[in-house]
Amino acid sequence: MQLKKLRIPAFRNLLNLEISFATEFEKNTNTSESLKGQKPLKRIRSHAIIGQNGTGKSNLIEALITIFRDIDLDREAAFSYTLEYEIRGHTVKIEADTAKQKRPFVWVDGDRVTQEYLTKNDPPEKVVKDERRGPRLLPTHIFAYYSGRNERIEQLFQDHQKRFTQAQEITTDELYSDFQLSSFTKPPRLIELQDLLREFEGKSLSDFAEDERERYQAISDELKSIEAEHAKAFERAEKQSQKRQERFGDDRLRRLFYCRGGHSQLVLLACLLSNDEVFKKLLNNLHVESLESALFILKEPHRLREKRRSGKFDESDIIDGDSRFWYARGNVVSKFLDKLWQVAWAPIEQETSKQIDFRGRSEKQKQLYLYVPDKTKLKQLGDMVGGPDSFFRYAEGAYIGDLIDEVRIMVKKRDEHGGKVSFTHLSEGELQILTVLGLMRITREDHCLFLLDEPDTHLNPIWKLRYFDDIEGVLSSDYESPIDGESQILVTTHDPMMVGSLRKEQVRIIRKSESDTIVEQPDEHPQGMGVSGLLKSEMFGLPSTLDRQTLNTLQRRNDLLAKRKHEGLSLDEQQELDCLVIRLDDLGFSREYRDPMYQLFIEQMYKVRSKPLDELLSKEELQEQNALAEKIMEDLVKAQRKNDLSSLAQELAAKLKG
């Protein structure tokens, strides 16, 4: 997955935005090819978006989420845009112009297609199938991570979460009609004929009497006819069930995925289950050595609680549901919770009062405690559900399906404190890095788009500096061999430490003009600038990294030093200079300048600034400046007089009406 271009005429505060993403840059190597001027190229998978507050960085992420949401749900375009990206060897261009038509125009490899071409495969009965079309032309997942709460963004994911929950609860009766179910079941006559045919087992056809031979042939012919009809009915039922499955949706892990706080618990368990070297490195960075125990606290889902209280449970709910889990049903129950029940120690049920919001409101909740005592049992659970990746997907389904309230994890940490530590004692920064990098590793074989809004909020400087290097690591097949181009990561940030390891092709600066949103690539590589250099560069635009008071103090000291050399100082000025020198010495600024050229520059600057204006400008320049000032004053006076006349006219009109 690789975004190439995006153009948005108007979306929130984004106006006439045009942004392009570089796909590769030249690697700095000392190989023979680079010495000959043929530098090898490296595929870019990470981009940083920087800019002042209010320039539209978060709105850019929201726009991308909205575009892919509407396409995946086969909806009309919410706003006009043009998006171009590469995926699985194909180039997709989507152009929405809401003034012309509600649905966007779509091209794949230059061929004009429909929006449905991106979301649906060819029907099974089609003889020559178009293997290019279908959901494979969309990112496998679009992950969004916000360091804080963003309810507007969360709303964009609601429909995918509802569809996912519905898909998780599909039962056999819902997926297949009565006719289809009967088609999958052997007809009674078929079973009867098979039983009759067994009477002839062990006998040779040549040993049959005439009447036996005729009877055997009649049974065989009828059996072949019924089996052929049954096979045709089975095939028809399979095709119909596939259509119904498409209608319900098949969202093992939703295409649009909003990272929530509870996901960090599940990612940690997936890491602890795995023997993957990258997972081990991630845990090592967090000083997590091993799992001590995990307590899964399940709860009765709100929808089932309401059904129970209102008496709306029907016979199918009781037959298809699992009574251990409040009659919940579906893959999450049969393929995950059932296995969790098998490995957990004696389950404990209870009803408790649970606070549901910050106002202190609470509700009665039925809960079920399932205790996994050690890593061996957790590993057994992982093997039963299909490994760490499947464990996360099923556990996440239970979490989103309102079946998991929390997982209380105890781990053994290897640091200055050591010993057993509750998962809740991990810092916000540790949880952030675990969630984001863990999800990237779990989905490393997919073609995903990660949209991360200021993920550095709670990270320490060391983690910030190596953030993009860690991303490269977790998206590798092994830690030394990166897989190029599988997923793309967009990160918004205000922190120079986050971009300090990047090349200029990986950075985009967003600025606002009067009528446009301008996106630029920096002129220099952030890599190697250092934090101070980055802050004072075009990327962040600070004139100095010093505070304003210290800058003013330095400026006053410089002025007094220069004045003493050219004019001399009064007693008060000399005392002021002595105080300033002592104060700046305490802050680490020496009295004298190390660079004599800079000393000379300061002295000459003071001398020039002390000159009157008529000595700095020529006669012609003074006349030009006076003319410009006169023109500005004329414009101001004209505008004021027009306003006065307008007010007078309004007063006269009001009196005439009266």
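The figures here come from the full heavy-atom set of this structure, side chains too, leaving out hydrogens, waters and symmetry mates. What you are looking at is a predicted structure, and each value in this text was computed from that prediction instead of being measured.
Using a cut-off of 4.0 Å between Lys/Arg side-chain N and Asp/Glu carboxylate O, D495 and K464 are scored as salt-bridged. The pair K120-D74 fails the salt-bridge criterion, with no side-chain N (NZ, NE, NH1 or NH2) lying under 4.0 Å from an Asp/Glu carboxylate O. With respect to the salt-bridge test (charged N to carboxylate O, under 4.0 angstrom), the residues R12 and E62 qualify. Contact check on D159 versus R69 returns no salt bridge, with no Lys/Arg side-chain nitrogen under 4.0 Å from an Asp/Glu carboxylate oxygen. Salt bridge absent: R361 and E363 never bring a charged side-chain N and a carboxylate O closer than 4.0 Å. Ionic pairing of E472 and R45 is present here: one or more N-O contacts between side-chain nitrogen and carboxylate oxygen are shorter than 4.0 angstrom. A salt bridge is defined here as a Lys NZ or Arg NE, NH1 or NH2 lying under 4.0 Å from an Asp or Glu carboxylate O, and E289 with K413 fails to meet this definition. We find that R163 and D72 are joined by a salt bridge, their nearest charged nitrogen and carboxylate oxygen being less than 4.0 Å apart. Residues K102 and D70 are not paired through a salt bridge, judged by the lack of any N-O separation under 4.0 Å between the basic side chain and the carboxylate. With respect to K281 and D470, no salt bridge is recorded, no charged nitrogen being found less than 4.0 Å from a carboxylate O. A salt bridge links E277 with K280; the closest basic N to acidic carboxylate O contact falls under 4.0 Å.
The minimum heavy-atom distance linking N285 with R466 is given by the pair CG-NH2, 3.5 Å. Counting all heavy atoms, side chain and backbone alike, R132 lies closest to V108 at NH1-O, 3.3 Å. Between E131 and R136, the closest heavy-atom pair is O-CD, 3.6 Å.
Donor-acceptor pairing under 3.5 Å is lacking for the side chains of T119 and R133. The closest side-chain donor-acceptor pair between Y399 and D405, if any, does not fall under 3.5 angstrom. Between the side chains of Y327 and R308, no donor-acceptor pair is found at a separation under 3.5 Å. With hydrogens and angles left out, the side-chain atoms of Q350 and Q367 include a donor and acceptor closer than 3.5 Å.
The one candidate from F157, F143, Y145 that meets the ring-ring contact (aromatic ring centres under 6.0 Å, His included) condition with Y258 is F157. Considering F391, W341, F392 as possible partners of F336, the one that fulfils the ring-ring contact (aromatic ring centres under 6.0 Å, His included) test is F391. Of the candidates L286, T435, N460, L459, L286 is the only one forming a side-chain contact (heavy atoms from CB on, under 4.5 Å) with E430.
Checked against the 6.0 Å centroid threshold, F21 and H47 count as a close aromatic pair. For F79 and Y81, the ring centers sit closer than 6.0 Å to each other.
Every side-chain contact (heavy atoms from CB on, under 4.5 Å) that T492 has, sequence neighbours left out, goes to I49, K57, I61, D453, E454.
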